[in-house]
Protein chains: 2
Amino acid sequence: MAKDPGVLTERKKKILKAIIESHIANGEPVGSKYLTENKQIECSSATIRNEMAELEDMGYLEQPHTSAGRIPSELGYRFYVDSLIEDYSVTAKEVEQIHQMMRSKVSELDQIMNMASKVASHLTNYTAIAVKPRETLVTINRFETIFIDEYHFILVLVTSGDVVKTKNITTTRSLTRAFVGQVADSLNTHLAGKSAQEINLPLMMSLETEFAPYSELVSPVMKVVYDTMSVLDQGEMQVAGMDRLLEYPEYKDMESLKRLIGTIEEKEEIVNLVSEAGRDQHNIVIGSESEVKVMENSSLVFKPVVRNGKTVGAIGVIGPLRMDYARVLALLEAVTGNVSELLDDRKLDERKIEDKGDTNHG
Amino acid sequence: MAKDPGVLTERKKKILKAIIESHIANGEPVGSKYLTENKQIECSSATIRNEMAELEDMGYLEQPHTSAGRIPSELGYRFYVDSLIEDYSVTAKEVEQIHQMMRSKVSELDQIMNMASKVASHLTNYTAIAVKPRETLVTINRFETIFIDEYHFILVLVTSGDVVKTKNITTTRSLTRAFVGQVADSLNTHLAGKSAQEINLPLMMSLETEFAPYSELVSPVMKVVYDTMSVLDQGEMQVAGMDRLLEYPEYKDMESLKRLIGTIEEKEEIVNLVSEAGRDQHNIVIGSESEVKVMENSSLVFKPVVRNGKTVGAIGVIGPLRMDYARVLALLEAVTGNVSELLDDRKLDERKIEDKGDTNHG
DNA sequence: GTTAGCACTTGAGACCTTTGAGTGCTAATC
DNA sequence: GATTAGCACTCAAAGGTCTCAAGTGCTAAC
């Protein structure tokens with residue numbers, strides 16, 4: 001495909017940039033005449049045609065059919081975002097909107113991220129996602145137990161990363177407050193520092209002897225612990241503004257739209273993609289660059305959200321290849337910046353508390 | 001529209017039923033000739049035409065255009081599900097699939113429900129939802145606190161309905177283990193039995209005096225409590241198999257599809273609909289019967305999941321008006337039945353534990 | 001290296017016709 | 001009075017033809 005991607009004359013770059021930006025704006029193939037008339041390029045349409053032919057040879061452009069203009073190829077977009085793109089300046093109004101929408105009462109990470117994805121979708125007019133990446137190494141930090149009544153107690157599990165999970169445990173055998181306290185102690189002795197993988201049969205057996213005559217408790221408790229840890233490993237993802245996909249003519253094709261929606265809903269692959277990404281910079285995945293075959297017709301742009309130096313999630317945008325990358329990048333920057341600010345522990349004086357807890361129903 | 005919906009001759013019922021079932025199966029308008037040839041109706045096409053004309057007058061049928069067959073109206077579907085529908089028998093294979101898919105290791109309600117919605121979508125081939133209904137009256141049951149270190153403790157909040165939420169609280173002022181214990185005691189004295197609405201300024205002020213010199217703690221703690229309670233009120237909803245919508249020609253129309261996807265993603269309105277529903281029976285909402293204007297072209301069928309006599313959620317299916325109601329009803333019955341079984345406390349002997357806890361990250 | 005000019009290609013859209021399924025109505029029949 | 005055969009009528013869907021306009025590649029002149 002590409003002949004010599006390194007050597008693009010200034011004029012070629014200018015033409016390529018003009019084509020890409022026109023196509024992003026209009027969604028239609030761009031012709032040579034259009035460029036001479038609407039973009040400041042000082043040469044005739046014939047010259048542009050020659051240049052375009054060469055750019056096509058190099059793999060930056062494509063032609064839907066002989067008598068149509070050119071559209072950028074994936075390689076073209078890639079070159080554009082790497083070398084040609086100009087910073088978009090977020091407008092005051094957009095900043096205002098971000099602040100407005102993020103200024104909600106909630107302080108839970110999940111909800112902040114969720115709201116951030118809504119903001120991102122709203123401002124960019126693309127489908128947006130909020131991802132909580134897969135945790136690679138979750139270990140048990142400590143246990144606490146709370147005695148409720150004879151037959152119920154709550155198991156509190158604090159993991160690395162200050163994640164707290166609680167579980168109601170119901171037994172058929174009556175308990176005492178003291179015993180429930182011992183449970184926590186034993187669990188702490190045996191399990192602190194362990195990861196899900198390290199919970200194995202010998203461990204369980206040693207616990208069973210220790211807990212006699214409540215050995216019946218061991219396996220359910222361990223199951224809960226194991227469940228909890230596994231869930232944490234998994235990552236999460238929320239979607240906002242899925243319906244916006246339908247506004248773009250590239251998703252007129254029902255079949256590919258169906259597949260894309262399926263992939264988004266499945267979450268798995270996208271969470272993977274995001275989890276593997278670097279921590280600080282923007283990440284742009286253009287079409288078939290990703291291993292997610294199904295995203296072939298789409299681009300994913302996301303930016304991690306960092307709190308206290310730790311990546312706690314990412315906000316991203318999914319849309320057609322001809323996404324307005326400049327604008328999306330700038331807006332994601334603004335949104336994640338805002339989220340980080342909300343999460344920043346150094347601003348405790350202002351908010352006084354930080355919450356990392358979570359809930360579950362039963 | 002309707003002249004006298006009560007008096008349908010047996011033959012009219014038979015014809016109506018045949019039309020609806022044909023249309024559900026094929027998605028196309030049904031003509032008189034088709035009926036004589038494929039359904040056992042002992043009269044000529046002309047007679048059927050007369051009958052169909054009358055059924056149309058009564059409001060049970062509609063005609064897309066003069067030279068087309070008839071399709072059922074919403075009223076027609078309503079009459080069908082109320083009076084004409086025949087029970088569908090879930091096949092052994094389907095039962096097997098339900099068991100297979102539900103036999104996963106997890107025991108958390110959220111995850112069970114989520115899996116159930118996937119099963120429902122898979123088996124019915126419609127979009128499915130798992131709803132956790134709005135709680136109407138959540139009150140505080142009790143507090144516990146867990147001392148972590150000088151600057152951190154965990155606040156555990158047990159609400160009515162045995163829902164547990166935990167929050168990490170970070171302070172700028174150093175704490176003692178004893179003090180953290182007192183916090184719980186105070187909170188219990190002042191807040192036990194209260195609902196979110198009852199947390200007001202006077203209450204906060206009385207707490208602030210009590211907590212001096214840690215009065216700075218009061219407002220953040222109360223915020224957490226309030227947040228928590230509000231979130232519980234809200235209800236939740238998960239979607240599975242959204243892409244399946246695109247398989248039905250009635251959603252070819254991008255504009256209405258966009259609106260439907262928007263409504264589903266928004267969740268709000270559907271959660272309302274489900275939350276208001278009765279507890280035990282099936283619920284069938286056909287098109288514009290619901291106040292959710294946007295579902296005008298679609299039907300929602302759902303069945304509550306009951307645990308220990310309490311409605312803890314619902315599994316439902318969203319699809320075109322010409323949904324295969326009989327099959328959907330039977331499969332939802334089977335799926336919710338399976339879920340209830342998994343949740344049933346009486347089977348504790350088998351699983352020994354019950355978990356109601358939940359998680360959150362930070 | 002650039003440009004004017006021209007023949008060529010091709011999808012989109014407008015318009016027309018055909019086709020066939022299905023109807024409503026009338027008059028004959030049971 | 002209910003049923004049915006028969007027939008004229010309607011209308012969307014499908015296919016065909018034509019035109020239109022945008023855009024190209026190429027050649028030859030600058």
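Labels below follow one simple rule: chain letters A, B, ... track the order of the sequence lines, proteins then strands, and each chain is numbered from 1.
Across the protein-nucleic acid pair, Asn26(A) atom CG and dG23(D) atom P stand 11 Å apart, rounded to whole Å. In this structure, CD1 of Ile15(B) is placed 16 Å from C1' of dG22(C), rounded to the nearest angstrom. Distance CD (Glu37(A)) to C1' (dG23(D)): 12 Å, rounded to an integer number of Å. Atom CG of Asn38(B) and atom C1' of dA21(C) are 14 Å apart (whole Å). Atom P of nucleotide dG23(D) and atom CG of Leu61(A) are separated by 14 Å, given to the nearest angstrom. The separation between Ile19(A) atom CD1 and dT24(D) atom P is 9 Å, rounded to whole Å. With rounding to whole Å, Met52(B) atom CE is found 9 Å from dG22(C) atom P. Residue Asn50(B) contributes atom CG, which lies 13 Å from atom P of dA5(D) at whole-angstrom precision.
Along DNA chain C, the nucleotide nearest to Glu42(A) and the one nearest to Tyr34(B) differ in position, and the one closer to the 5' end is contacted by Glu42(A). With DNA chain D read from its 5' end, the first of the two nearest nucleotides for Thr66(B) and Lys33(A) is the one closest to Thr66(B). Residue whose closest nucleotide on DNA chain D sits further toward the 5' end, between His65(B) and Arg11(B): Arg11(B).
Side-chain N/O atoms of Arg70(A) include one lying less than 4.0 angstrom from OP1 or OP2 on dG25(D). OP1 or OP2 of dT24(D) lies within a sub-4.0 Å distance of a side-chain N or O belonging to Ser32(A). Between Arg49(A) and dT27(D) there is no side-chain polar atom (N or O) within less than 4.0 angstrom of OP1 or OP2. In this structure, Ser67(B) does not reach the dA12(D) phosphate: none of its side-chain N or O atoms is under 4.0 Å from OP1 or OP2.
Across dT3(C), dC26(D), dT4(D), the shortest atom-to-atom separation from the side chain of Thr47(A) is found for dT3(C). The listed nucleotides are dT23(C), dT3(C), dG25(D); the one nearest the side chain of Cys43(A) is dT3(C).
Across all strands, Ser45(B) comes closer than 4.0 Å to no nucleic acid atom at all (heavy-atom distances). When heavy atoms are screened at a 4.0 angstrom cut-off, Ala46(A) is found touching base atoms of the nucleic acid.
Note: Tyr60(A) and Phe79(A) have tilted aromatic rings, judged against thresholds of 30 and 60 degrees for the angle between ring planes. Taking the six-membered ring where tryptophan is involved, the planes of Tyr77(B) and Tyr325(B) are tilted, since the angle between them lies from 30° to 60°.
Here the side chain of Glu86(A) pairs no donor or acceptor atom with the backbone of Ala326(A) at under 3.5 angstrom. A donor-acceptor contact shorter than 3.5 Å is absent between the side chain of Glu74(A) and the backbone of Gly287(A).
With Tyr80(A) as the partner, the side chain to side chain donor-acceptor pair (under 3.5 Å) test is satisfied by one option alone out of Lys13(A), Lys17(A), Glu21(A): Glu21(A).
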